[in-house]
Amino acid sequence: MKQYLKVDEWSIIEESFDPTNHEISESVFSIGNGFMGQRANFEEQYSGSSLQGSYMAGVYYPDKTRVGWWKNGYPEYFAKVLNSTNWIGINVFVDGTALDLAQCQVKDFVRELNMKEGYLARRFTAVLADGKELAVDALRFVSIARHEIGAIRYSVTPLNFSGEIRFVPYLDGDVKNKDSNYEEKFWLEVEKAAGADLSHLTLKTKKLDFHVTSVMAYDVVKNGQRLELSPALTEKEKYVASEVVVSAAQGEEVTLYKYVANVTSRNHGLGELVEAGTKALLEAKQAGFDQLLGEQANAWAEKWKESDIIVDGDASAQQAIRFNIFQLNQTYSGEDDRLNIGPKGFTGEKYGGSTYWDTEAYCVPFYLSTAESDIARNLLIYRYKQLEKAKENAKKLGFSKGALYPMVTMNGEECHNEWEITFEEIHRNGAIAYAIFNYVNYTGDKSYLGQYGLEVLVEISRFWEERVNFSATKGKYVMLGVTGPNEYENNVNNNWYTNRIASWTMEYTLEVLNYLKTNENSHYTALIDKLQLKDEEVKKWQDVIENMYYPYDEERGVFLQQDGFLDKELIAVKDLAPENLPINQNWSWDRILRSCFIKQADVLQGLYFLGDRYDLETKKRNFDFYEPMTVHESSLSPCLHAILACELGYQEKAYEMYLRTARLDLDNYNNDTEDGCHITSMAGTWMSIVQGFGGLRVQNNELVLRPFIPSHWKSFSFKAMFRGARLKVNVTEDSIIVVNETDSPAAVRIYDQSYTVGGNAEIKAERMSVTM
Ligand code: BGC
C-alpha cells in the first residue's frame, strides 16, 4: 500500500518526483485508445528503473513455452502482447548535457492524468549538474478520434541561462519484453527512412509476421513562430532520429510538437503500411496539435456521457471510480471484434495481454451498461469466432466432441501452461455461456441466439456432457479433477460452482433451442443440421440437469465448495496473525492447498451469477460461511462480495469490500501496480457501485434498481444504457431519480414498483431500506 497521489475528482496527480514510485506511476498514468496504449514512460531519456511499454492492440508474439515438467496437452507457446516501437521518444540536450531525471535535481514536478479530456501532462524544473535550470512542460495523448495517432507537445524554457537546446525526436524499435521466456528480442527490421519532414520505421515480429510501421513528423515553435530548421538525421538498426538545435534566450519557451502514426498489418496490407501511416500522419499534422487535443476532449466527453459515476461527499471514491472507468474505456472501445481485454490492458506485460474469463464474468456487465449494445456483442463475437479453436482444444485434450475455451488466449488457442489451471479450471467455459445469457437478458437482442449464441452453447454443453461421469455409488453425475474459481484448491471433485454452471449451461441451451424452435423455426432447423445435434444429446443433457450431484451440508444449509471441504480445519481469516497475509507470499503452496482459505469468490460466484434462483436466506448462509475464510488474493474477489453484501443488507461489509477494489492501483494496495494496472478488476469496481450500491439487475425486461447509499456518501449517480435509452440514476438519502436522457422510453423497476420512464422524462421514487 502506497498513497502518494493527490485526490482530485477528475485527475490523477503526482506532485513530486520519487524514482521509487516511478514504475508504479508508469502504470497508473498510462494512456490508451483501445487500439494502442502507452505506459507513462518519459519522452526524454531516463537512466533510472523503468518498464518501457508501447503496445499495439492485437499484435502479439507466441513465445515458446517454458515449463519445468512438460505435460501432454500443454500449449506450445504463451502469447504476449508486445512492447513495440518506442514512438514517444524525444531526447533533450542542454548545451550538450542530456536531460535525464535520474541525473539531475528535479523540482516542482507535477504529473497529471486528465481523465476528463484524456491526456497525460508533466511539468517540472530540472537543475542540471552545471547549475543550469530549465522548465519542462509536456503533454501527450493517443487519439480516440484517430486510432492510429499519438501526439506530444514538449516545451522547454531555460530559466537561468541562455543556450542551445537540442531535441532528438526518434522512433526506436530496438525494444524487448521484460517477460520474454528466452531473453529474446521479438522484432526484426523491415525498412526505415529518416527524413527532414517525415521519418518512418517498419518492424515485423520474428513469428506470425505482424508488421508495425511508425511514421513521425514534428514542428518546432518559438515565440509563436514555426522554425525552419535543417535537421541532422540518424539511421541505425531499428532506429531513426532527427536532430535539431535551437537557441533559446533565458525565459524563452521552445516547443516541439511530435506527431506519430502507428499502423499495423492487422488493418492494412503489408505493402501499404508506409503509405497508410503517412496519410494518417499528414492529416493529423495538418489538423494540428490543438485541434487533435480538442477532438480528444470531445471524444472523452461522449464516453463520460455514457459511463460517468458521480459520488457526492467522497472525493477519493470519486477519483477512484473515474480512474477505473477511464482505464476500461482506454483499453477496449469495442469497435474491433478481434480485440479483447487483457487483465492488465495496455499498462504492463503481466498476463500477456491475453483474454481470460475475466472478460465474460466481469467486463461484459460494464460494457453492457455503459455503451451501445454492439460493444458487448463484439466481445461475444470474439468467442464465437474462436469456436473452432475451442473445439480443437477439447479434441487435443481427448474429448470426442464439444468445445473447451482456453483459460488464456490471444487467437483462440490455449496459452496457459499449468496443468491444474489449463486442464482443470474449466469453469471458464460456463462464464462464456453465461455471458450470452447476460447479453440477451440485458439487451433483449434475441437475434444473437440464432445468429451466434446457440452454436457456442451447444458445443459447451457437449463438453460438459462428456466431462461429467455417472457415479454408481452416488447415483448422480459427478465432475472429478477440477479447479474452481478458487485457485487455492486444485484437482478437487465436484466443485459446486463448476457443477452448477455446467448444468445451468445445459438448461440454458435447452431453453434457447426451444425458443428458436418456436420463434425462428427455419433458422432452428438449419442450425440443428449444421450442429448435427441429436435427440440423444438433448435427452442426456436433461438427465444430467436432473441428476447432477451438488455437495451440500445439511447442518449448515450451505453448498460445499467441493467434496471433503468440511474435513478442513475451518479458520476465519481474521484469526490469522497478520504476518501470514497475503498467504500466497508467505505460505508454501502445499500449506495453501490444505487450508480452508479461499482466494476468490467460488460458491459465491455461482450465487451471484444465478442470483435469481436462490433466495436471500440461502445467499446469506453461504456468504456468512465462506466470506470469513476468503483472503481476496485475486483482485476479482472483493467486488462480488460487495454486491452480495449489498443484497444482504451488510452495508459496512459492502463498503469495506468496495474499498478494497476501488483504489487498488491508485494506492498500490497489492504492492504490484508497477507490473500494470488491474484492468479487468476495475470492471468489478464499477459492478460494486452499480450492481452493489445501485442494486441494478435486469429481470423480465425491466431495469431493476434496489439502491442504498454507503453512509460515507451523500448521494451518487450512475449512467445505465438500457435498450436504446440512456438513464441517469441519481440516488440520494431519501430518493431515487431516474432521468431519461434520450428519446426512447425505458421500463424500470425501483424496489418492487414498475415504471415507464418516457423519453427525456424523469421519475422519482422514495428510497427504502434494503436490509434483510
Ligand atoms: C485469478 C483468475 C483470473 C486471472 C487473471 C487470477 O489471479 O484467480 O480468476 O482469471 O487472475 O485476472
Side-chain angles (χ1 to χ4, degrees), residues 27 78-81 179 324 327-328 331-332 340-366 379 383 404-410 414-432 434-435 482-492 495 497-498 501 561 581-585 587 589 592-593 597-606 608-609 626 630-641 660-661 664-665 669-673 675-687:
S27 301
F78 192 91
K80 289 177 176 165
V81 96
D179 67 354
N324 292 347
Q327 288 292 1
L328 284 162
T331 306
Y332 183 73
N340 209 282
I341 306 152
K344 299 279 173 197
F346 297 121
T347 66
E349 296 174 2
K350 201 170 171 202
Y351 294 114
S354 312
T355 311
Y356 286 64
W357 75 302
D358 306 26
T359 294
E360 285 75 17
Y362 295 85
C363 300
V364 162
F366 171 81
L379 285 173
R383 295 289 195 177
L404 174 61
Y405 278 93
M407 187 67 194
V408 181
T409 194
M410 195 64 90
E414 178 63 89
C415 287
H416 202 281
N417 56 38
E418 282 166 289
W419 65 269
E420 60 277 27
I421 292 178
T422 312
F423 308 141
E424 296 205 328
E425 207 177 327
I426 52 179
H427 68 79
R428 59 197 185 239
N429 244 11
I432 289 160
Y434 185 81
V482 304
T483 296
N486 168 24
E487 292 175 344
Y488 289 176
E489 299 275 2
N490 301 152
N491 203 35
V492 299
N495 170 257
Y497 171 71
T498 310
I501 204 71
Q561 191 176 272
L581 296 171
I583 58 172
N584 66 14
Q585 283 171 26
W587 286 11
W589 191 239
I592 290 177
L593 291 177
F597 298 113
I598 301 169
K599 181 181 180 190
Q600 67 199 91
D602 194 298
V603 167
L604 299 184
Q605 178 80 44
Y608 162 73
F609 270 170
Y626 286 111
T630 306
V631 285
H632 303 292
E633 289 178 12
S634 160
S635 62
L636 299 175
S637 184
C639 60
L640 284 199
H641 289 81
R660 278 184 80 146
T661 66
L664 183 71
D665 291 310
Y669 208 96
N670 284 359
N671 215 10
D672 61 357
T673 300
D675 295 337
C677 296
H678 300 79
I679 300 294
T680 49
S681 85
M682 291 181 178
T685 310
W686 175 92
M687 280 160 70

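Both counts, for ligands and for their atoms, begin at 1 and track the order of listing.
Under the 3.5 Å distance criterion, with hydrogens and angles disregarded, no donor-acceptor pair is assigned to the side chains of T498 and H427. Side-chain atoms of N670 and H678 form no donor-acceptor pair, as typed in the model, at a separation below 3.5 Å. H632 and S637 share a side-chain donor-acceptor pair at under 3.5 Å.
Between the N495 side chain and the Q561 main chain, a donor and an acceptor come within less than 3.5 Å of each other.
Below 4.0 Å from some heavy atom of L636 lie the following atoms of ligand 1, by number and element: 3 (C), 9 (O).
Counting only heavy atoms of the protein, atom 4 (C) of ligand 1 lies nearest to Y356 CD2, 3.8 Å. Taking atom 1 (C) of ligand 1 as the reference point, the nearest protein heavy-atom neighbour is Q600 OE1, 3.4 Å. Atom 10 (O) of ligand 1 has as its closest protein heavy atom D358 OD1, 2.6 Å. Atom 7 (O) of ligand 1 has its closest protein heavy atom at K599 NZ, 2.8 Å. Looking at atom 9 (O) of ligand 1, its nearest protein heavy atom turns out to be W357 NE1, 2.9 Å. Regarding atom 11 (O) of ligand 1, its nearest protein heavy-atom neighbour is Y351 OH, 3.6 Å.
The pair E487-K599 counts as a salt bridge, with a side-chain nitrogen and a carboxylate oxygen less than 4.0 angstrom apart.
The aromatic ring centres of Y488 and F597 sit 6.0 Å or more apart.
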